Amino acid sequence: AQKRGALTQALLAGLMTMFTAGGLFLLQAHRLSQPIQRLAEFLRAPGHHQARWRELPTPSPGLPQDILDIYAARHSLLNDIARQRELEIAQQQALEHERQSQVKLGLAHETLLRAIGEHALVSSTDLQGRIIHANEKFIQVSQYSLTELLGMHHSQVSSGIHEPAFYQALWKSIQSGTIWHSEICNRRKDGSLYWVDAAIVPTRDEQGHVIGYTAVSLDITLRKQAEA
């Protein structure tokens with residue numbers, strides 16, 4: 001009986017030692033694996049944890065070097081991600097600012113065109129002088145409909161009172177890419193004359209090549225009649 005009791009005690013002592021060692025092992029394993037698990041969690045969802053990366057625990061004293069290396073790699077990775085994110089945000093903000101500026105510029109341009117259209121005759125031609133656009137003021141003064149004007153050569157509204165050299169100088173100026181400005185007399189559809197103070201501007205594409213011409217003119221007929 002004494003032998004059986006001693007054997008039982010020895011068995012219990014061995015089990016207690018084994019459980020104690022196992023518990024310590026599990027505790028140490030958990031302590032060592034925690035940073036690895038947290039790093040793995042971060043890597044699975046970097047966007048979700050990026051804002052909280054500074055909350056991850058700092059390494060405890062006495063950790064093995066390989067665990068310390070993981071911590072160092074983690075901080076380096078998170079710093080790189082944070083810098084990349086800051087760059088992306090800055091780029092997005094710059095693009096949004098540019099978009100808003102373009103919108104404002106477009107609105108200002110439309111407002112300017114409407115204001116000009118209220119007071120000026122505006123027409124555009126291709127390189128050969130065929131009309132491709134005319135505003136309401138041009139239609140009203142010339143007495144031609146938009147359908148009649150589109151495709152019409154601009155010379156069709158010429159009055160015929162200017163010398164050929166006048167028109168030669170006009171074309172030479174705008175074909176060279178410079179703005180032409182002068183007073184010119186045109187003829188309405190009913191044959192009557194009207195005078196305009198005109199500026200003809202070469203229209204350019206994105207590469208700077210002249211692709212047509214735009215004329216902006218003020219009706220000065222009443223002034224010319226008063227001067228006569």
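The shown structure was predicted, so the numbers you read here are calculated from the model rather than taken from an experiment.
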When every non-hydrogen atom of Asn135 is compared with those of Ala120, the smallest separation belongs to ND2-O, 2.9 Å
Let me see the working for His133 and Leu149 under side-chain contact (heavy atoms from CB on, under 4.5 Å), right down to the final yes or no. CA-CA 8 Å; His133 167 75; Leu149 288 170; over 6 Å; no
dist Leu95:CG -> Arg99:CZ (nearest 0.5 Å) comes out at 10.5 Å
Would you give the length of the straight line joining atom CD of Glu96 to atom CD of Gln92, rounded to the nearest 0.5 angstrom? 10.0 Å
For Asp219, what residues pass the side chain to side chain contact (heavy atoms under 4.5 Å, CB included) criterion, not counting sequence neighbours? Leu121, Val141, Thr221
With clusters defined by side-chain heavy atoms of hydrophobic residues (ILVMFWY) lying less than 4.5 Å apart, directly or transitively, does Ile132 cluster with Leu127? no
Looking only at heavy atoms, the pair that brings Thr178 and Ser176 closest together is OG1-OG, 3.3 Å
Honestly curious: do Leu170 and Val216 fall in one hydrophobic cluster under the side-chain, below-4.5 Å linking rule? no
Taking only residues at least two apart or on different chains, which pairs with a member in residues 173-188 satisfy salt bridge (charged side-chain N to carboxylate O under 4.0 Å, His left out)? Glu183-Arg223, Glu183-Lys224
Quick one: do Glu88 and Arg85 satisfy salt bridge (charged side-chain N to carboxylate O under 4.0 Å, His left out)? Show the steps, please. CA-CA 5 Å; Glu88 292 174 356; Arg85 181 56 181 162; 3.5 Å; yes
Point-to-point distance, once rounded to the nearest 0.5 Å, from CG of Leu146 to CG of Leu150: 4.0 Å
Can you name the residues that form a side chain to side chain donor-acceptor pair (under 3.5 Å) with Gln128, not counting sequence neighbours? Arg130
Identify every side-chain donor-acceptor pair in residues 160-169 under 3.5 Å, counting partners at least two apart or on other chains, and give the distances.
residue: His162; atom: NE2; partner: Cys185; partner atom: N; Å: 2.9

Does atom CD (Gln207) have a neighbourhood of more than 12 heavy atoms from anything else shown, all under 6.0 Å? yes
Nearest heavy-atom contact between Ile200 and Ala215 is CG1-CB, 4.0 Å
Are the side chains of Val196 and Asn186 in touch, meaning some heavy atoms are under 4.5 Å apart? yes
Give me the one residue out of Trp171, Phe138, Tyr144 that meets ring-ring contact (aromatic ring centres under 6.0 Å, His included) with His154. Phe138
Rounded to the nearest 0.5 angstrom, the CD-CD1 distance for Glu227 and Ile220 is 7.5 Å
At their closest point, which heavy atom of Ile179 faces which heavy atom of Ser173, and how far apart are they? O-OG, 3.7 Å
Any chance you could measure His153, atom NE2, to Asp126, atom CG, to the nearest 0.5 Å? 8.0 Å
Determine whether Ile139 and Tyr194 fall in the same hydrophobic cluster, where Ile, Leu, Val, Met, Phe, Trp and Tyr are linked whenever their side-chain heavy atoms lie under 4.5 Å apart. yes
Sequence neighbours left out, what pairs pass salt bridge (charged side-chain N to carboxylate O under 4.0 Å, His left out) with at least one residue falling in residues 143-159? Glu148-Lys189
Just to verify, what does Ser124 make a side chain to side chain donor-acceptor pair (under 3.5 Å) with, not counting sequence neighbours? Thr214
Met152, Tyr213: one ILVMFWY side-chain cluster at the under-4.5 Å cut-off? yes
When rounded to the nearest 0.5 angstrom, what distance separates NZ in Lys172 from CH2 in Trp180? 15.0 Å
